[in-house]
Each structure stands twice: as structure tokens, then as C-alpha cells.
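In this text, all values refer to a predicted model and were calculated from it rather than measured experimentally.
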Amino acid sequence: DRLTSRHYAAFIQDQIVHDLRSDFDTLWSQRAIWDRGYRESRTPSCPAMLLELLSHQNFADMKYGLDPTFRFTVSRAIYKGMLKYLSNRYDVPYQVQPLPVNSLGVKFSGDSKAVITWKATEDRLEPTAKAEGYILYTRIDDGAFDTGRIIKAVKREEGFSLEVEIKPGHIYSFR
């Protein structure tokens, strides 16, 4: 029913406003949630909403709208709002997807080994977004990435590291 969609929209809008106030503008305004008869949001068989976030007539909005970090934050806030809505509706716990690793690097260790290093990216806005492990995907030369393998990485003061076997004369890519 329309009240369900109203709750859905409120979860998403609250998350967007919270994240934007935390990262971009402490005065970001919470805009009204309307209950209008737009067919796109009134007739689906699941909760639905139309999100209008920025105005092309507002220079500040357009400045934010062109910022990739802003767009990522808004997209992630929408995802988190959806997740929290579903968690609330079905009374189940949720865990937000951790942010991608950063500072990924590879160094040679002898002729047949490489040491891969990285750091976990902390999500200060979402305490449930903690990585429980990592999956290493490998590509050799121009081939496709493999299906990945769960790895046991060594946690060091400066981040994580893993030593892998490599064959000389090939180009390796890791993610």
C-alpha cells in the first residue's frame, strides 16, 4: 500500500540526509516526502519511490552532482536505506557491504613470488561495514580474472599482505 512506500522513502531519505550532512554539508536540508499519485510509484506491487535530489537550476547542486565522491556517497546511502528498510520490515539484522580496499600494491619477492599489500577502508558512517575476509582474483597475461579464492592474509601494522607464487615471463593482475 502507499503507506509502505512512504516508510520505504523515509528510510532512504533519512539515510541520504544523514550521510550528506556527515560528509558534505552540515546544513543539507531534508526535503519533503510527498504522497502524490504518480503512476510509477503508485501502482507497483512492491514498495516504490521517486527520488529527486538535485536541481539543475542550482549551481551548488550541480557542483555536488559532478563530484564522483558525492555521487558515490548518495548511491551508497540509497543502498543502505533500502537495506535498513528491508531489515526493519522483516525484523532481521543487516550488514552493509564493506568499502573496497585501498592502497593496493604488489612487489616482487625473489624470482617466483610477489607480495600483495592493501589496507582496509573504514566506513566511519556505518559500523556494520567490516570485512570478515578477502577474496583475491588473479588474471594472467590477457586472460580473464579467475573465480577468486578466499585468502588468509597477514594483518600488519601498515595493513594486510599476502605472498603468492608467480611464473616469470607473465603479466599478473590482481584485484
Side-chain angles (χ1 to χ4, degrees), residues 1-105 117-137 144-145 147-148 150-151 153 155 158-160 173-175:
D1 64 4
R2 289 172 82 165
L3 188 56
T4 301
S5 290
R6 166 70 171 81
H7 289 305
Y8 177 64
F11 267 91
I12 293 173
Q13 185 184 47
D14 289 347
Q15 190 67 53
I16 291 170
V17 170
H18 173 270
D19 289 3
L20 293 182
R21 284 181 179 171
S22 297
D23 282 355
F24 290 91
D25 183 356
T26 57
L27 301 176
W28 188 269
S29 62
Q30 176 134 1
R31 296 172 182 166
I33 295 178
W34 295 343
D35 185 14
R36 300 276 170 92
Y38 298 118
R39 183 168 178 78
E40 300 93 332
S41 64
R42 183 174 41 85
T43 58
S45 58
C46 63
M49 65 172 274
L50 299 174
L51 175 64
E52 192 172 289
L53 182 70
L54 303 171
S55 169
H56 68 277
Q57 297 170 335
N58 181 313
F59 177 74
D61 280 4
M62 286 297 84
K63 190 172 108 181
Y64 281 131
L66 294 172
D67 180 352
T69 306
F70 178 88
R71 295 187 334 203
F72 177 83
T73 300
V74 169
S75 299
R76 188 164 168 88
I78 293 168
Y79 151 71
K80 292 190 304 187
M82 291 172 148
L83 185 64
K84 290 176 182 181
Y85 166 78
L86 291 170
S87 170
N88 180 271
R89 178 170 179 164
Y90 296 109
D91 195 29
V92 294
Y94 70 89
Q95 182 171 359
V96 172
Q97 173 78 26
L99 291 168
V101 300
N102 67 71
S103 304
L104 180 68
T117 59
W118 70 92
K119 293 180 183 175
T121 304
E122 179 187 352
D123 187 344
R124 59 181 185 71
L125 298 178
E126 186 54 55
T128 68
K130 301 277 187 225
E132 295 175 359
Y134 296 95
I135 300 174
L136 176 67
Y137 298 93
F145 278 97
T147 56
I150 297 172
I151 57 170
K155 171 83 166 124
E158 64 279 354
F160 292 88
S173 302
F174 302 102
R175 64 178 189 191

Among pairs that include at least one residue of residues 11-33, which meet side chain to side chain donor-acceptor pair (under 3.5 Å), considering only residues two or more places apart or in two chains?
-> Q13-Q30, D14-Q30, Q15-D19, Q15-K84, D19-K80, D23-R124
If we only count heavy atoms from C-beta on, is the F24 to V74 side-chain gap below 4.5 Å?
-> no
Begin from the C-alpha positions of L54 and F70 and carry the test side-chain contact (heavy atoms from CB on, under 4.5 Å) through to its verdict.
-> CA-CA 12 Å; L54 303 171; F70 178 88; 4.2 Å; yes
Considering all heavy atoms of both residues, which atom of S5 and which atom of A48 are nearest to each other, and what is their separation?
-> OG-N, 3.2 Å
Pairs flagged by side chain to side chain donor-acceptor pair (under 3.5 Å) wherever residues 64-76 is involved - sequence neighbours left out | R76-D123
Between the CD atom in Q97 and the OG1 atom in T128, the distance rounded to the nearest 0.5 Å is 10.5 Å
Check whether any side-chain heavy atom of V96 lies under 4.5 Å from a side-chain heavy atom of Y94, and answer yes or no.
-> yes
State which residues pass ring-ring contact (aromatic ring centres under 6.0 Å, His included) with W34; sequence neighbours excluded, sorted by chain then number.
-> none
Mind checking the CZ-OG1 spacing from R89 to T4? Nearest 0.5 Å is all I need.
-> 5.5 Å
State, to 0.1 Å, how close F145 and S173 come at their nearest heavy-atom pair, and which atoms those are.
-> CE2-O, 3.6 Å
From CG (L99) to CD (E126), nearest 0.5 Å | 10.0 Å
Rounded distance (nearest 0.5 Å) linking atom CG of L83 with atom CD1 of I78 | 13.5 Å
Euclidean distance, R6 CZ relative to M49 CE, rounded to 0.5 Å | 11.0 Å
Inspect the surroundings of CD1 in I150 and state if more than 12 heavy atoms from other residues, nucleotides or ligands are less than 6.0 Å away.
-> no
Side-chain heavy atoms of F11 within contact of M82, under 4.5 Å | no
Output for pair (L20 CG, L27 CG), nearest 0.5 Å, gives 12.5 Å
Nearest heavy-atom approach of Y79 to Q95 is OH-O, 4.2 Å
Hey, is CD on E52 packed in by over 12 heavy atoms from elsewhere, all under 6.0 Å?
-> no
